[in-house]
Visitor: 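Sharing a structure here in structure tokens format.
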Amino acid sequence: MPYQIIVCGGLAPDPLQTLEPVTTPAGPGLKNELMLPAVFDPWAGHALYEAANLAKNVPGSVIKVVSIAPKAKLQQVMMTVAQKLPFELVPLDGPGGGFTDSASIAAALADAIAAIPGLDKSQMLLFGGWESATRGAGVVMQMVGEKLGITEQFLAVDELKVDESGALIIKERVEGGRHQVSKCAAPPAVLAWATGNLPEPSNHPQTGMANMRAMMPALQKAKAAALTTTVSYASVALPSVTRQTKIVKDVPAAQIAQELADWIRQ
Amino acid sequence: MEPILVLLHTTDEGALPKAALETLAVARTLGSYHLAVLGAQAAAAAQSVSEGALSVRAIEGDAVAVSRYATDAAAAQALVSASAATVVLAPCTLRFQRALPGVAARLNGACDTHVVAVDPDLSIHRWYYRQRMEATQSRSARPWFVLIEPGAADPCAAQPGAAAEVLPCAVETRTEVVGYQSPNADQQTIRPDAQLLFVAGAGWTKKQKDGQTHTDEAGNLILNFVQHNKTSLGSSKSLVDLSGEGQAVLPFLTHLHQVGQTGSTPRHRKGLSTCCHGEEPHVVGWRFINERRAINLDAACGWARGKADVLYVADAFEVMRELAKLL
């Protein structure tokens, strides 16, 4: 039975960028936020690659990506992501930063998913990253699942297999470098992915062109996400730099090892 | 003062994890609180720490003996509703991080995770953008679930008190927990309670002075050090990615070892980085490592720029060989 795979994913600043908080009329934000190069959120990216792998193995499955971000920036990022695998984009125009309210983001995503025409919830797998690289809260997927009435949920997933009966065999990270293995009899289910095991797919320009033909009209028609917030920020600040690095060079390895051994034993 | 509930869970063995006692310690700084525990042998666990609690409740039994969203969420919802608390403090374990945001959504509340401090006025402190900036914030939404990051506070002493009222909880689920998969004891390299984090960077797999790679020796040096000294092993993303691409590098490294922007942010007293350049996406994962030292051949690497206390400009192979003799 083919799956309807919904992948929730936002944007994050390119990890190599220097980030600086600023105060805006709408609350805290990032300096030059709209100018910062963005990427598809890394853990949501892993969810997307896992979705593509599952769809490839279960013919007839479809992937839809639901994303809240400034649509101009979303279009830029999709020019790259769309080259990796076939999917349909369901965009919502809205702020994509980390200081938005997770509950409001979840409500907007849930509303957008519920409004997808022809969605068969009995075959739905709701994918996303377990945490974003922006807010890093790890709460949105569970809230979206609840709002859609899905009570089979998994967090920090590293592996999904479908057994011969159609049951989902899921490995979730737990503390101490271990995995918990669960068996979910059938969809619908929420899977918030950690890293998974798949490499990033290579780019296929033809896939990108085919995707973008449908994405461009969708982006142009993207509705504004109606976001609210219950969060009040008293301050947002960079941590103060307190380390003065001592650089030790031209010292024999044995002497360094002795110094390290003493330090480790302390 | 708002009614506060301290919501804890037990381990599969029926004990309270250290993170539970840390959350309880945070709650005690805020005043009076209700206590609730779910999981295996929850009633006994609740009584073991219930001194001073306004009320004590528990949900136990087969359904909540394992960590599973549907049952954990139903139990947590029942316990929160019974307490009538508007603020819920809970440890940010993966079990609760999975279940409690959904409970918050059910109750039209809000949930904040990875909270590192709570002020008496219920302002919380948490990090954004993968530990790059810290915010102080509060919430108007209620009930408000505040998940305290493990290691953010010293655990309190367990002081027994009143017995728990045991509540019923029944819920249907399509999920069965099969079990756990973990490395053998002698292959276990992720140790959250270790004093020292040892990070292996991509330099271990590069060509050395003789123009050859020495990944086998690198693997032996790293594993011997980690196992002999019971340290926790971490890695930079680049090294983990190399192994994911099927290259013959360090086969014991997985994505679980990855520290940084797309990995973990572990808490250890000390950290030793080797053959890693200390780029910002990796170093954000070191936010909660107090004492930091690095070994790298490049004196201008990221560690030299205020990210480590000491940078040894040296060949990590040579240093680790010598260190193996000493420890």
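We name chains A, B, ... by the order of the sequence lines, and we start the count at 1 in each one.
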Visitor: Measure the acute angle between the ring planes of Tyr128(B) and Tyr233(A), then classify it against the limits of 30° and 60° as parallel, tilted or perpendicular.
Guide: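 Tyr128(B) and Tyr233(A): perpendicular rings.
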
Visitor: In terms of heavy-atom proximity below 4.5 Å to chain A, should Leu256(B) be classed as side chain, backbone, both, or neither?
Guide: both

Visitor: So do the side chains of Val310(B) and Trp263(A) get within less than 4.5 Å of each other, counting heavy atoms only?
Guide: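 Not in contact.
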
Visitor: Given side chains that start at C-beta, do those of Met143(A) and Cys111(B) come closer than 4.5 Å, heavy atoms only?
Guide: yes

Visitor: With a 4.5 Å cut-off on side-chain heavy atoms, are Gln137(B) and Phe99(A) touching?
Guide: no

Visitor: Who in residues 279-289 of chain B is close to chain A, using a strict under-4.5 Å heavy-atom cut-off?
Guide: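 Contacts with chain A: Pro281(B), Arg287(B), Ile289(B).
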
Visitor: Glu322(B) side chain to Gln255(A) main-chain N or O, any donor-acceptor pair under 3.5 Å?
Guide: no

Visitor: For Trp127(B), is it the side chain, the backbone, both, or neither that has a heavy atom closer than 4.5 Å to a heavy atom of chain A?
Guide: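 Backbone plus side chain of Trp127(B), per the 4.5 Å heavy-atom cut-off to chain A.
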
Visitor: What part of Ser123(B) is in contact with chain A, defined as an atom under 4.5 angstrom from a non-hydrogen atom: side chain, backbone, both or neither?
Guide: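 For Ser123(B), no heavy atom lies under 4.5 Å from chain A.
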
Visitor: Roughly how far apart are Tyr129(B) OH and Glu20(A) CD, rounded to 0.5 Å?
Guide: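 One gets 13.0 Å once the value is rounded to the nearest 0.5 Å.
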
Visitor: Would you indicate whether the side-chain heavy atoms of Leu260(A) and Ile295(B) approach each other to under 4.5 Å?
Guide: yes

Visitor: Please check if the side chain of Arg174(B) supplies one atom and the backbone of Thr151(A) the other of a donor-acceptor pair under 3.5 Å.
Guide: no

Visitor: Could you tell me if the side chain of His255(B) sits less than 4.5 Å from the side chain of Arg173(A), heavy atoms only?
Guide: yes

Visitor: Can you confirm whether Leu327(B) sits close enough to Arg265(A) that some side-chain heavy atom of one is under 4.5 Å from a side-chain heavy atom of the other?
Guide: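 With C-beta onward as the side chain, the pair touches.
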
Visitor: Measure the spacing between CZ of Arg68(B) and SG of Cys184(A) and express it to the nearest 0.5 Å.
Guide: 11.0 Å

Visitor: Would you say Gln266(A) and Glu291(B) are linked by a side-chain donor-acceptor pair, where the criterion is simply a distance under 3.5 Å?
Guide: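 Judged by distance alone, the side chains do not pair up.
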
Visitor: With ring-ring contact (aromatic ring centres under 6.0 Å, His included) as the rule and sequence neighbours excluded, what pairs involving residues 304-327 of chain B come up?
Guide: Trp204(B)-Phe317(B)

Visitor: Find the distance between CD1 (Ile264(A)) and OG1 (Thr231(B)) and round it off to the nearest 0.5 Å.
Guide: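 Output value for this atom pair is 8.0 Å.
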
Visitor: For the OG1 atom of Thr113(B) and the CD atom of Glu131(A), what is their distance to the nearest 0.5 Å?
Guide: 6.0 Å

Visitor: Tell me, do Ile256(A) and Glu318(B) make a side-chain contact under 4.5 Å, heavy atoms counted?
Guide: no

Visitor: Hey, could you give me the CD/CG distance between Glu259(A) and Leu326(B), rounded to the nearest 0.5 Å?
Guide: 12.0 Å

Visitor: Heavy-atom distances under 4.5 Å only: say whether Thr93(B) touches chain A with side chain, backbone, both or neither.
Guide: both

Visitor: Could you measure the distance from the CG atom of Asp309(B) to the NZ atom of Lys246(A)? Nearest 0.5 Å is fine.
Guide: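 Answer for the CG-NZ pair, Asp309(B) versus Lys246(A), is 10.5 Å.
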
Visitor: Can you tell me which portion of Phe225(B) sits under 4.5 Å from chain A's heavy atoms? Options are side chain, backbone, both or neither.
Guide: side chain

Visitor: At a heavy-atom separation under 4.5 Å, does Ser67(B) approach chain A through its side chain, its backbone, both, or neither?
Guide: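 Both parts, backbone and side chain.
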
Visitor: Is there a side-chain contact between His114(B) and Arg135(A), using heavy atoms and a 4.5 Å cut-off?
Guide: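 When only atoms from C-beta onward are counted, Arg135(A) and His114(B) do not touch, as no gap falls below 4.5 Å.
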
Visitor: Tell me, with the steps shown, if Phe154(A) and Thr175(B) meet side chain to side chain contact (heavy atoms under 4.5 Å, CB included).
Guide: CA-CA 10 Å; Phe154(A) 304 89; Thr175(B) 297; 3.4 Å; yes

Visitor: For Lys325(B), is it the side chain, the backbone, both or neither that has a heavy atom under 4.5 Å from a heavy atom of chain A?
Guide: neither

Visitor: Does any backbone or side-chain atom of Arg305(B) lie under 4.5 Å from a heavy atom of chain A? Answer side chain, backbone, both or neither.
Guide: backbone

